[in-house]
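What follows is a set of notes on a single structure, which appears directly below.
What's counted below: heavy atoms across the whole structure, side chains too, no hydrogens, waters or symmetry copies.
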2 protein chains.
Amino acid sequence: MIKISKKVEYALIALKLFAEKPNEVFTSKQISDKYNVPYELLSKVLQKLKKCGLLSSSLGMNGGYKLDKDPDQITIQQVISAIDGGISLTECQQGKTKDNCIIFDNCSIKDPMHKIQNELQNFFNKKKVSDLV
Amino acid sequence: MIKISKKVEYALIALKLFAEKPNEVFTSKQISDKYNVPYELLSKVLQKLKKCGLLSSSLGMNGGYKLDKDPDQITIQQVISAIDGGISLTECQQGKTKDNCIIFDNCSIKDPMHKIQNELQNFFNKKKVSDLV
DNA sequence: TGAAATTGGACTAATATAGTCGTATTTATA
DNA sequence: TATAAATACGACTATATTAGTCCAATTTCA
Ligand code: SF4
Ligand code: SF4
């Protein structure tokens, strides 16, 4: 079953909120309350979004997160990469140079699948947070 | 991490072989030997491909599977559907009417994600087994 | 000084995927 | 007619991934 992870869903829910109110600061708590998202999990997600430069944060009381990029500059691909490490249609397309698939050497679909994967990344690169209207 | 399952990979490896030698009969054993794919698992996969009409089978000695459709008529989407039950980008897009996501009622990304899911299905509908050359 | 916030690591629980085992049935052929 | 080779099917185990929780540190405003 091809799907995106819950974490990415939570990230997109949050990013959509940020996109609707740019320059406004929201805390993890506020967002988790508003959307019934598990607080601790959402916190981790927002931290990752910050680490890759999509959000900026301020510590301490009255702290929180705010958007650090234009919503139409943030691609779904970026979000998937930030949270889940990206798309890798097949096992051998993950960073796993060592410990590769045993089929690798006589795999007949490796190359065509790699091509499809590229197209898929392109697909998600064209999808922006601003499209989640 | 967005990816396809091992079962779908095995299905595609098999289907590519069938597509290269149409009308030729192959057994589970032959294919699992040729590609180092676990025999029992591959058997299950081929049974599913038969059930949805992509392959036909003959029982008993000298039995096996052969292609039952044109390779350029078999889409990757069909294969994913047959083996893994299709693509459902988000949880709420699986057949789960009951036991839905608790966020469902005030989820802000549900509808746009549904649209993206449709495009994604369209993407995989355009990919044919015959493209795996 | 205290409350509210981010940050970060370790941990557990739940689920999904991958793979195995055993057994029944069919069928060509020796 | 016995046997070997094949599909067919269901139950099972093992492994990996995902989801979620817990705990403690640090920052900062008031
Ligand atoms: S080598 Fe082939 S079977 Fe192995 S992970 Fe890559 S695509 Fe899949
Ligand atoms: S309702 Fe929203 S959060 Fe829940 S599964 Fe659907 S898209 Fe994801």
Whole-Å distance, K48(B) NZ to dT17(C) C1', equals 11 Å
Please give me the minimum heavy-atom distance between Y65(A) and S43(A), naming the atom from each residue. OH-O, 4.2 Å
Where do I102(B) and N36(A) come nearest, in terms of heavy atoms and distance? CD1-O, 3.9 Å
Heavy-atom donor-acceptor pair, D131(B) side chain to K128(B) backbone, under 3.5 Å: yes
Counting any heavy atom closer than 4.0 Å, what does S43(B) reach on the DNA or RNA strands: base, sugar-phosphate only, or nothing? nothing
To the nearest angstrom, the NZ-C1' distance between K66(A) and dA5(C) comes to 17 Å
Can T90(A) and Q93(A) be counted as having a side-chain donor-acceptor contact under 3.5 angstrom? yes
Answer whether the closest heavy-atom distance between the side chains of E119(A) and F123(B) falls below 4.5 Å. yes
Give the table of side-chain donor-acceptor pairs shorter than 3.5 Å for residues 109-116 of chain A, with sequence neighbours excluded, one pair per line with atom names and distance.
residue	atom	partner	partner atom	Å
K110(A)	NZ	F104(A)	O	2.8

Pairwise 5' ranking along DNA chain D for Q30(B) and K51(B), keeping only the more 5' one: Q30(B)
Please find out if less than 6.0 Å separates the ring center of F26(B) from that of F18(B). yes
Whole-Å distance, I103(B) CD1 to dA19(D) C1', equals 12 Å
Show me the pairs that pass salt bridge (Lys or Arg N to Asp or Glu O under 4.0 Å) and involve residues 62-76 of chain B, at least two apart or across chains. none
K16(B) and S108(A) have their tightest heavy-atom pair at NZ-O, 2.7 Å
In whole Å, I'd like the distance from the CE atom of M1(B) to the P atom of dT17(C). 15 Å
Please tell me if the side chains of I83(A) and L49(A) come closer than 4.5 Å, counting only heavy atoms from C-beta onward. yes
How many whole angstroms separate atom CG of L46(A) from atom P of dA5(C)? 13 Å
Which whole-number value in Å describes the distance from Q47(A) CD to dA5(C) C1'? 11 Å
Rounded to the Å, how far apart are L42(A) CG and dA5(C) C1'? 13 Å
Distances under 3.5 Å between nitrogen or oxygen atoms of protein and nucleotides 18-20 of chain C:
residue	atom	partner	partner atom	Å
dA18(C)	OP1	K6(B)	N	2.7
dA18(C)	OP2	K6(B)	N	3.2
dG19(C)	OP2	Y10(B)	OH	3.1
dT20(C)	O4	K44(B)	NZ	3.4

Rounded to whole angstrom units, what separation is found between the CD atom of E91(A) and the P atom of dA16(D)? 10 Å
For T27(A) and Q30(A), the nearest pair of non-hydrogen atoms, with its separation, is N-OE1, 2.8 Å
Indicate yes or no: does K6(B) engage E91(A) in a salt bridge with an N to O separation below 4.0 Å. yes
Any side-chain heavy-atom pair from T75(A) and K127(A) closer than 4.5 angstrom? no
Degree of bending in the helix from dT1(C)-dA30(D) to dA30(C)-dT1(D) once both end axes are built from five pairs, to 10°: 0°
Could you tell me if the side chain of L42(A) sits less than 4.5 Å from the side chain of I31(A), heavy atoms only? yes
Report, one pair per line, the protein and nucleotides 28-30 of chain C atoms (nitrogen or oxygen only) whose separation is under 3.5 Å.
residue	atom	partner	partner atom	Å
dA28(C)	O3'	N62(B)	ND2	3.2

Stretch residues 16-28 of chain B: residues that reach within less than 4.0 Å of DNA chain D through a heavy atom: T27(B), S28(B)
